[in-house]
Amino acid sequence: VTAAIVGVGYSPFMRASGRSVLSQAVEACGAAIADAGLTADQVDGIASFSVLNDSVPAVSVGTVLGVRNLSYALDLQMGGQAPCYLIGLAASAITSGMANYVLVYRALNGRSGARVGGMPFPGPGAAYREAVGYTSYAMYVAMWAQRFLYETGQSAEDLLAVALAQRAYAQKNERAIQRRSLTPDDYWDSSYVVEPFRPADCTSEIDGACAVLVTTAERARDLPNPPVAVRSVAYRAGHRAGLDIADHLEWRDYTRNYTSWLRDDLYARARISADELQFAEIYDCFTSTALMGLEGLGITGRGESGAFVADGQTAPGGRLPTNTNGGLLSEGYLHGMNTVAEAVLQIQGRCGVRQLDRNEVCVVTSGALMDGSAMILTAT
Amino acid sequence: MRAMSDEKAAVSIDPDNAGYFAGLTRGSLLARMCVTCGHCMIPWLPQCPLCGSREFEEKQMSGVGTLYSWVRVARQLNSGPWNGPFSIGTVELAEGPRVLAILECEGKPSIGRRVRFVPGGAQDAAELHFVVEPDGAVQ
């Protein structure tokens, strides 16, 4: 183990922040620095990601924080595929000697500003989508979900199971934007957004920021929080991954996403198997994405993920508690940076009323469709 | 089911895809075929991903396919000209490529159904339409 996560920071998650993205990014990054027991003087790397030009550059955050010697800066043009990948890049920067303390953040006015769900994605594949009104991210994941449910013999009942399980966690998370109770009747009585998705199948877009701080395992030992070891990271764009983030005409199998393709590397690099996982934080911009992740990571067999969730196996005390902050569905859509942060806080034992007992080995994923990343985090 | 588009959708034409959309305007569904290995491409790519060739011909598709997946857009999801409800299908053409199309269908579409290209299916010719054949229909 060479890299560790040592600090976490947030700005408040809101529907209308009334603040600049820069202001929220700086708040979250400053909180992560303080949480790690460091000062801005010690930070020498900053990395972030954005889609549709919705964030601010790493250098701007360094400027406002007063970072004096920024030695590593990265602005990745990538969506929810990025968070685990950026932790891996931060770890590489640290082990190669480019930087010692790297902030990784995501910040956006994702609800009051440009909303991913309502913004067509540009790119070489855009024309084919524009010509038929296939211009919202919700449609893309719905197109995959429809085929996934069909081929694996699952149904909307299985989507509902995810929405219910994660809302139960959200009710124990003060940060979650969706905390009101959700019943099966609420779900069935609601109208479709894009079939097969109803509102409770879709992430809640928010304004906010979240950051973590990465350093070497050696330096981590001298800092106040229990270090969280980055045991392995994998990114994969599967065969014929498409021309842009929204193009999947070349991709053949809408029932298996990147998790199926990176799984073997991920576990082999960490020298563990899926059986050894104690909890999971699986990217869930939509309910179907969580199911596809459970199957892709080999946590359940094909077509068995919905029953696994409905049976309580992802709830506290189940085989593999999953998305313990309520996920992107209920905590809010910070594009998976908050998914990483929740894993860190669970391993550090700082989750209060939703703290898990078995909290030492976690898988985290980032992304929904053709490409994405994942990592194994453990207590040291 | 027709999409309720009362203004023309802006389509990002570029040198790679211009021939495809020009074909649709003439009522033809065209793949870009690699002359070296015969691979048929939609979207039209600037180089064959199978053999690396950059020599192509336009290949007329039969217009027959099966429905690989579909969604029904129930409400307006962005600020463009598209208002729900309408259904979009991912159609697997008999020749192999997949296309996105507005589905014309009695009732709900279903995966695996036979679908057929509707030339000039909309006022905006770039708006590709396929009709979902009634169950059991043979082309």
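By convention in this document, chain letters (A, B, ...) are assigned in the order of the sequence lines, proteins followed by strands, and residues within each chain are numbered from 1. A quick note: this is a predicted structure, and the numbers were derived from the prediction, not measured.
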J.: Please report the shortest heavy-atom distance between B:Ala101 and A:Val132, naming the atom on each side.
T.: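 Shortest heavy-atom contact: CA-CG1, 4.0 Å.
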J.: Measure B:Phe21 against the heavy atoms of chain A and call it side chain, backbone, both or neither at under 4.5 Å.
T.: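 Answer is side chain: those atoms of B:Phe21 sit under 4.5 Å from chain A.
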J.: Is there side-chain contact between A:Met143 and B:Ile88, with at least one heavy-atom pair below 4.5 Å?
T.: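 A side-chain contact exists here, since the closest heavy-atom pair is under 4.5 Å.
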J.: Where do B:Trp44 and A:Tyr128 come nearest, in terms of heavy atoms and distance?
T.: N-OH, 2.9 Å
J.: With a 4.5 angstrom heavy-atom cut-off, is it the side chain or the backbone of B:Leu45 that approaches chain A, or both, or neither?
T.: side chain
J.: If you count the non-hydrogen atoms of other residues, nucleotides and ligands that lie under 6.0 Å from CZ in B:Arg75, is the total more than 12?
T.: yes
J.: Quick one: do B:Leu77 and A:Val193 satisfy side chain to side chain contact (heavy atoms under 4.5 Å, CB included)? Show the steps, please.
T.: CA-CA 8 Å; B:Leu77 291 174; A:Val193 177; 3.5 Å; yes
J.: Side chain, backbone, both or neither: which part of B:Pro43 has a non-hydrogen atom closer than 4.5 Å to chain A?
T.: both
J.: Please confirm whether the backbone N or O of B:Gly112 pairs with a side-chain atom of A:Tyr150, one donor and one acceptor, at under 3.5 Å?
T.: no
J.: Would a distance-only check, ignoring hydrogens and angles, find a side-chain to backbone donor-acceptor pair under 3.5 Å from A:Arg147 to B:Ile111?
T.: no
J.: For B:Gln76, which atoms come within 4.5 Å of any heavy atom of chain A: side chain, backbone, both, or neither?
T.: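 Neither the backbone nor the side chain of B:Gln76 comes within 4.5 Å of chain A.
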J.: Surrounding CG of A:Asp189 (heavy atoms of other residues, nucleotides or ligands, distance under 6.0 Å), is the total greater than 12?
T.: yes
J.: First locate atom CD1 of B:Ile42, then atom CD of A:Glu250, and finally report the distance between them rounded to the nearest 0.5 Å.
T.: 10.5 Å
J.: So how far is it from B:Leu50 CG to A:Arg240 CZ, rounded to the nearest 0.5 Å?
T.: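 The CZ atom of A:Arg240 is 6.5 Å from CG of B:Leu50, to the nearest 0.5 Å.
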J.: Which heavy atom in A:Ala127 sits nearest to a heavy atom in B:Ser12, and how many Å separate them?
T.: CB-O, 3.3 Å
J.: Considering residues, nucleotides and ligands other than A:Gln77, do more than 12 of their heavy atoms fall under 6.0 Å from its CD?
T.: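 Incorrect, the count does not exceed 12.
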J.: Please give me the minimum heavy-atom distance between A:Glu195 and B:Trp70, naming the atom from each residue.
T.: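 The answer is OE2-CH2, 3.6 Å.
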J.: With no hydrogens and no angle check, is any side-chain donor or acceptor of B:Arg98 less than 3.5 Å from a backbone partner on A:Arg252?
T.: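 Yes, because the side chain of B:Arg98 sits within donor-acceptor range (under 3.5 Å) of the backbone of A:Arg252.
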J.: Considering all heavy atoms of both residues, which atom of B:Ala126 and which atom of A:Ala131 are nearest to each other, and what is their separation?
T.: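 Taking every non-hydrogen atom into account, O-CB, 3.1 Å.
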J.: Taking all heavy atoms of A:Tyr134 and all of B:Leu100, pick out the closest pair and write down the distance.
T.: CD2-CD1, 3.3 Å
J.: Mind checking the OG1-CH2 spacing from B:Thr90 to A:Trp144? Nearest 0.5 Å is all I need.
T.: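 Here the interatomic distance stands at 10.5 Å.
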